[in-house]
Amino acid sequence: MNKWLTPRSTLGLVLVAAALIVLPFVVGMGGQAWVRILNFAILYAFLALGLNIVVGFAGLLDLGYVAFYAVGAYTWALLASPHFGLHLPFWAILPIGAVFACIAGALLGAPTLKLRGDYLAIVTLGFGEIVRIFMNNLNAPVNITNGAQGITLIDPVVVGQFKFSATSTIFGLTVTGPQKYYYLLVLLALGVILVNYRLQHSRIGRAWQAIREDEIAAKAIGINTRNVKLLAFAMGASFGGIAGGIFAAMQGFVSPESFSLIESIMILAMVVLGGMGHIPGVILGAVLLAILPEALRYAVVPVQKALFGEVLADPESLRMLVFGLALVLVMRFRPAGLWPSPERRRELAEKTQ
Amino acid sequence: MSAPVLLEARAVAKHFGGVKALRDVSLTIRQGEVYGLIGPNGAGKTTFFNCMTGLYVPDGGGFVFAGAPLVADAPHRAAERGIARTFQNIRLFGNMTALENVMVGRHVRTRAGVFGAILRNGATRAEEAAIRRRAEELLHYVGIEDCADDLAKNLSYGDQRRLEIARALAAEPKLLCLDEPAAGMNGAETAELRVLIEGIRADGVTILLIEHDVKLVMGLCDRVAVLDYGALVIEDVPAVVQHDPRVIEAYIGVAA
Amino acid sequence: MDILFQQIINGLVQGSIYAMVALGYTMVYGIMGLINFAHGEVVMIGTLVAISIVTLLVQSGMPPALAGAFGVAGAALVCMALGWSLERIAYRPLRRAQRLAPLITAIGMSIVLQNLAMMIWGRNYMTFPPLIEKTQYEFAGAAFTSVQVMIVVVAALSMSGLLLLVYRTRLGMAMRATAQNPAVAGLMGVNANRIISSAFVVGSALGAIAGVMVGTYYEVAHYQMGFMLGLKAFTAAVLGGIGNFAGAMAGGVLLGLIEALGAGYIGDLTGGFFGSHYQDIFAFAVLILVLMFRPSGLFGEKTGDRA
Ligand SMILES: Nc1ncnc2c1ncn2[C@@H]1O[C@H](COP(=O)(O)OP(=O)(O)O)[C@@H](O)[C@H]1O
Ligand SMILES: [Mg+2]
């Protein structure tokens, strides 16, 4: 018997599950655009939890995480689109994408993980830029990535005859493409949550925490710090690769523009803002940061009209301005994140005494 | 006297810029003994530990441990081979509980990897349970089982020292190196520590002890080496070392 | 042969700009260990402020060179105030927070400044009015302009000024002491807050000058220009060994040279496979390579962990 399954927590679980199941239909009443936003929120949660293994657990500052996301996305795009005329099934591409991303992570990590934290940050950042520049330019002399135009007509996820991109009727219920992807994403997200949770409470998870706390002591007790860090890096990269694949399939289109540095920064901000290393916090951070800019998109114009009677500032930049301010303010007033783990909060309280 | 050699240091040298922290130090530690390493502050004792455990790369010489050379610059290998240590200025994982500190100390003697952790299969669960059990035993062994769930940084100073020893023991060392374990302890605590060290030795672990408390060293150690300005002055039984004029000079020279 | 010489000149000019910006990163990092991501934005604002001032003055009949001087002064003042406020408002409250909090704040400020700039100056590219007569010179088959000469000279002068400040004044001594060991410097009566503020102010002033240089060199400016420039400059600082003044200067010049030479020769080197649009890769590729073999940068001291 599991000690977590008290009657109360069971009830809670059932409620959460029910909410997760009806959510896309509730949101869908406001239009499919909102379901897509919701999907992106979950995709970002998935990415953030992948990065959480690297940053939150192993304490490695990775500013180029989006590179692995890009590797996954382009793997899917190249293996399942008219670009090369390949149409591999999803169960083959997704693991291939994960493996490629993992290899990229290991290749980058092996020589650089011994660098001290901030140097690692800039090296990973540089790597992210390198990957993006290659995607942008590998259309000549041999056209691999189709350059800045990107790759279009990418196959959606298809299981047997079941196409995730199309609307279909299941048991008399009309389910749209985005709604189907929603369930797929929720499943994947649950998977990455489980992985995060289990890793955290494992031999490897303890080793990560030990390295974060005191690397020298960790070495002295026999942890091969380089390999253990590499493990975190490669794991995080693999999850980035999987997310990239789903992204490509969901969008039907990839281009280098989706993988710019700001994207890496966003994902890192989700992890830190939510509460590094704390799984619920990271999810909260991801969902908030994914939805906030979109919500602002809808709020900025009406609010200005209500306040000043006219649109004074360009809505796009105002929206990003508010977003930037939100980052600053959250760090100012909750430096451990919005929902830090109890231990982190305690650490912080003691430090400021 | 006839016990086999466990660790042999061969002309180990280490310098930091102009400071010669170790000048061709050679010494031999035999299996089962408690070996004392003493010397004034700055004599190079901690540096010797750091070289031996792979945290520093010696500029000359090397170590042979249990019949095979130790690879320089590979602390995790040293731990795997059976060398565990504590630090002069305690280095615990402050935000992990006492129990977790000892559990992570089991790292080299366990093997569950990422896949084991994710799948949480039978073997992994069994190993995890064994890690926990052994960690609890060790906390009990050093006498701080009541603090198992406290964060390491919240333990009292003496308990932190004990926890560090428990963490080192978790790696099942052949050689346990203690860097000034009694520093900052009062008389009663030192006496308890002595009992603990004797117990560890009785369990068959060889001990290398850096200590300033001369009474503790002379009472506890089978043999003692004295370092001064990075050079080995003498290596002998306590009774001889105690009365060696060079040792007296080394200590008085500093005191003056 | 002459492309070599030409690219060296181009690299030196670009490198001087990187060096000036890199100094801003290195000063702040050396003293408080923070990657001030918003520094590139400060430079961008310097450029745009200078454009506004110079355009206004030139339109009202002032000679361009004089207007340029006012432009530099105005940009420097605005940037110094901006740098100072950034530290006071955004970073100081986070001094004791976890390591990543100030980094996220810096990123947030960077976003804020970029979008503020866009609201003030608009989305479009702005032309930077010419400050001096642009004459072409030729030397050993390579062409260069008076603007390029001016950039290198001003950069050299500013950096000499900085070195004088750092090595010849009490403030500079206190800065170096704080960078070495904040706790000890504090004990010796150095006011850490003042030092940190000064680092931001001085770094921002250099950034403003660099901003004007970029403007006169490329003749256009844009609210997004600070990002890549900042990134490259930070790379230069790391390349030289972050926290090290001479390292930042050398790293900047080196990076400029590598980029220029790389862009000039990559086609030949790879048999035409890679073209010059791979230019941006060099900065990062070289950075990764250097750090692999010299983990503290080219001129950084080896900081072995003390066990
Ligand atoms: N990482 C280091 N960098 C520079 N000097 C060091 C370092 N470690 C030790 N030293 C110097 O080496 C000498 C020996 O130090 P140490 O081994 O700590 O002495 P002990 O432990 O005997 O008191 C001292 O002069 C000390 O300052
Ligand atoms: Mg010592």
Side-chain angles (χ1 to χ4, degrees), chain A residues 55 61 108 111-112 114-123 125-130 133-134 136-137 140-142 215-217 219-220 261-262 265 268-269 271-273 276 313-314 316-333 335-337 344 347-348 351-352, chain C residues 29 33-35 37 89-90 93-94 96-119 122-123 223 227-228 231 234-235 237-238 242 272-275 277-281 283-289 291-293 295-297 303 305-307:
Chain A
V55 181
L61 185 45
L108 174 65
T112 55
K114 59 172 189 253
L115 297 175
R116 63 176 212 241
D118 300 319
Y119 281 22
L120 183 67
I122 186 80
V123 165
L125 187 156
F127 178 75
E129 282 298 291
I130 290 178
I133 293 169
F134 269 107
N136 233 327
N137 294 301
V142 187
E215 185 156 353
I216 289 176
K219 280 181 182 164
L261 176 59
I262 190 77
I265 286 177
L268 179 69
V271 175
V272 179
L273 200 93
M276 257 198 331
D314 174 30
E316 181 61 19
S317 57
L318 193 59
R319 171 174 95 87
M320 287 310 287
L321 188 85
V322 172
F323 173 70
L325 274 179
L327 289 186
V328 175
L329 288 177
V330 171
M331 287 297 105
R332 168 72 182 81
F333 294 104
R344 283 273 161 117
E347 272 167 49
L348 214 77
K351 232 195 242 170
T352 40
Chain C
Y29 189 93
L34 166 72
I35 304 177
F37 251 99
I89 297 168
L94 295 179
R96 290 154 175 276
Q98 54 146 327
R99 201 167 54 95
L100 282 181
L103 187 73
I104 298 294
T105 299
I107 290 167
M109 283 317 298
S110 171
I111 297 175
V112 167
L113 290 178
Q114 241 188 57
N115 287 284
L116 266 183
M118 183 167 101
M119 288 175 169
R123 269 177 195 284
Y223 75 97
F227 197 68
M228 202 31 130
L231 209 58
F234 183 69
T235 301
V238 174
I242 195 156
F273 191 81
F274 290 150
H277 31 259
Y278 284 95
Q279 183 185 352
D280 283 344
I281 280 190
F284 303 120
V286 168
L287 176 81
I288 293 176
L289 281 177
L291 288 183
M292 268 166 63
F293 295 104
S296 303
T303 46
D305 287 308
R306 220 176 154 131

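A note on names: the letters A, B, ... follow the listed sequences, proteins ahead of strands, and every chain is numbered from 1.
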Bottom line for A:Ile265: the part with an atom under 4.5 Å from chain C's heavy atoms is side chain
Bottom line for A:Ile122: the part with an atom under 4.5 Å from chain C's heavy atoms is both
Flag the pair [X] / [Y] as yes when at least one side-chain heavy-atom distance between them is below 4.5 Å, and no otherwise.
X        : Y        : value
A:Val330 : C:Ile104 : no
A:Leu261 : C:Phe227 : yes
A:Val328 : C:Met109 : yes

Between C:Val112 and A:Leu325, the two heavy atoms sitting closest are CG2-N, 3.4 Å
Correct closest heavy-atom pair for A:Pro335 and C:Ala101 would be O-CB, 3.8 Å
With sequence neighbours left out, the residues meeting side chain to side chain donor-acceptor pair (under 3.5 Å) with C:Ser110 are C:Glu41
Most heavy-atom pairs under 4.5 Å with chain A, out of C:Asn115, C:Ile111, C:Ile35, belong to C:Asn115
Contacting region of [X] [heavy-atom separation from chain A under 4.5 Å]:
X        : value
C:Phe37  : side chain
C:Leu113 : neither
C:Leu94  : side chain
C:Met292 : both

Of A:Val272, A:Asn137, A:Leu327, A:Ile262, the largest count of non-hydrogen pairs under 4.5 angstrom with chain C goes to A:Asn137
Those residues at least two apart in sequence (or on a different chain) that pass side chain to side chain contact (heavy atoms under 4.5 Å, CB included) with A:Leu108 are A:Phe68, A:Thr112, A:Val123, A:Thr124, A:Phe127, A:Phe233, C:Ile288
